[in-house]
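Read the structure below first, then the notes.
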Amino acid sequence: APSANIVLLFSETLQAGTGTLVLRNVTTGQVVETFNIATGTGNAGGTVSISGSSVTLNPGSNLAEASRYSVRIDATALRDAAANAFVGISDDTSFNFTTGVSDSAAPLIQSIQRQTPVGEASNAASLVYTVKFNEAVTAADSNDFQLTSTGTGLVSILRYTASWFS
């Protein structure tokens, strides 16, 4: 997620050396934040920390959605317990990732089609409708739908079933 921390896992316990880790937006070609490993701070308000074999980058602001990022690491920035330096990363392909897209919009109904009984009057004992949304919908139940009767009969939703089509 664009708001999540970035965790780099290594094969052995690490110590801070000197130098920087640089978070880059590869999509735009811009540096997002430069983290000083010795001080644990980034130049945009973020932090970098080491715990065991993990390095965690917490950027000062959320990353852009649907964007490709990379992390570059100075060859002097990380050391193992024997003081051996990590070789470093100086390109945008050795460690990169793409952020997802947050979905904050409610699903919209694209169509409602009567399926069965085809050709029967609307006073049938049971009617089946297919409701198509603009995106996959989960955790829906009959309480999410409301029926309005225009006649004198009793109308209720007795059952809800979901099918997924690609």
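Computed from a predicted structure; not experimentally measured.
- Nearest heavy-atom pair, Ala16 versus Ile50, reported as atom, atom and distance to 0.1 Å: N-CD1, 3.5 Å.
- With contacts defined as side-chain heavy-atom distances shorter than 4.5 Å, the pair Asn5/Leu57 does not qualify.
- Atom-to-atom distance recorded for Ile6:CD1 and Leu8:CG is 8.0 Å, nearest 0.5 angstrom.
- When all heavy atoms of Ser94 and Ile89 are compared, the closest pair comes out as CB-CG2, 3.6 Å.
- Thr18 has its side chain out of reach of Ile37: every pair of non-hydrogen atoms, C-beta onward, lies at least 4.5 Å apart.
- The shortest distance between side-chain heavy atoms of Pro59 and Leu23 falls below 4.5 Å.
- A side-chain donor-acceptor contact under 3.5 Å links Asp80 to the backbone of Asn84.
- Residues Ala38 and Gly17 come closest through the heavy atom pair CB-O, 4.0 Å.
- Taken to the nearest 0.5 Å, the CG atom of Asn58 stands 8.0 Å off from the OG atom of Ser49.
- Every residue meeting the ring-ring contact (aromatic ring centres under 6.0 Å, His included) condition with Phe10, not counting sequence neighbours, appears here in chain and number order: Phe86.
- Note on Val87 and Phe95: same hydrophobic cluster, where clusters join Ile, Leu, Val, Met, Phe, Trp and Tyr whose side-chain heavy atoms are under 4.5 Å apart, directly or indirectly.
- Take Ser53 and apply the side-chain contact (heavy atoms from CB on, under 4.5 Å) test, not counting sequence neighbours, and it matches no residue.
- Just one of Thr47, Val48, Asn43 meets the side-chain contact (heavy atoms from CB on, under 4.5 Å) condition when paired with Phe35; it is Val48.
- When every heavy atom of Ala77 is checked against every heavy atom of Gly19, the shortest pair comes out as CB-C, 4.4 Å.
- Looking at Glu33, its side chain does come within 3.5 Å of a backbone N or O of Gly60 through a donor-acceptor pair.
- Salt-bridge formation is detected for the pair Arg24/Asp92: a Lys NZ or Arg NE/NH1/NH2 atom is positioned less than 4.0 Å from an Asp or Glu carboxylate oxygen.
- The shortest heavy-atom contact between Thr98 and Ala66 is CG2-C, 4.5 Å.
- Residues Tyr69 and Thr99 form a side-chain contact, since some pair of their non-hydrogen atoms from C-beta on lies under 4.5 Å apart.
- Inter-residue side-chain proximity for Asn96 and Arg68 is flagged as met; some heavy-atom pair is nearer than 4.5 Å.
- Tracing side-chain contacts under 4.5 Å through hydrophobic residues (I, L, V, M, F, W, Y), one never reaches Ile73 starting from Val31; they form parts of separate clusters.
- Between Thr20 and Asp74, the side chains place a donor N or O and an acceptor N or O closer than 3.5 Å (distance only, hydrogens not considered).
- Put simply, the side chain of Val22 does not reach to within 4.5 Å of the side chain of Val32, judged on heavy atoms.
- For the pair Val55 and Leu14, the tightest heavy-atom approach, listed with the atom from each and the gap, is CG2-CD1, 3.6 Å.
- With hydrogens and angles disregarded, no donor-acceptor distance shorter than 3.5 Å links the side chain of Ser54 to the backbone of Gly52.
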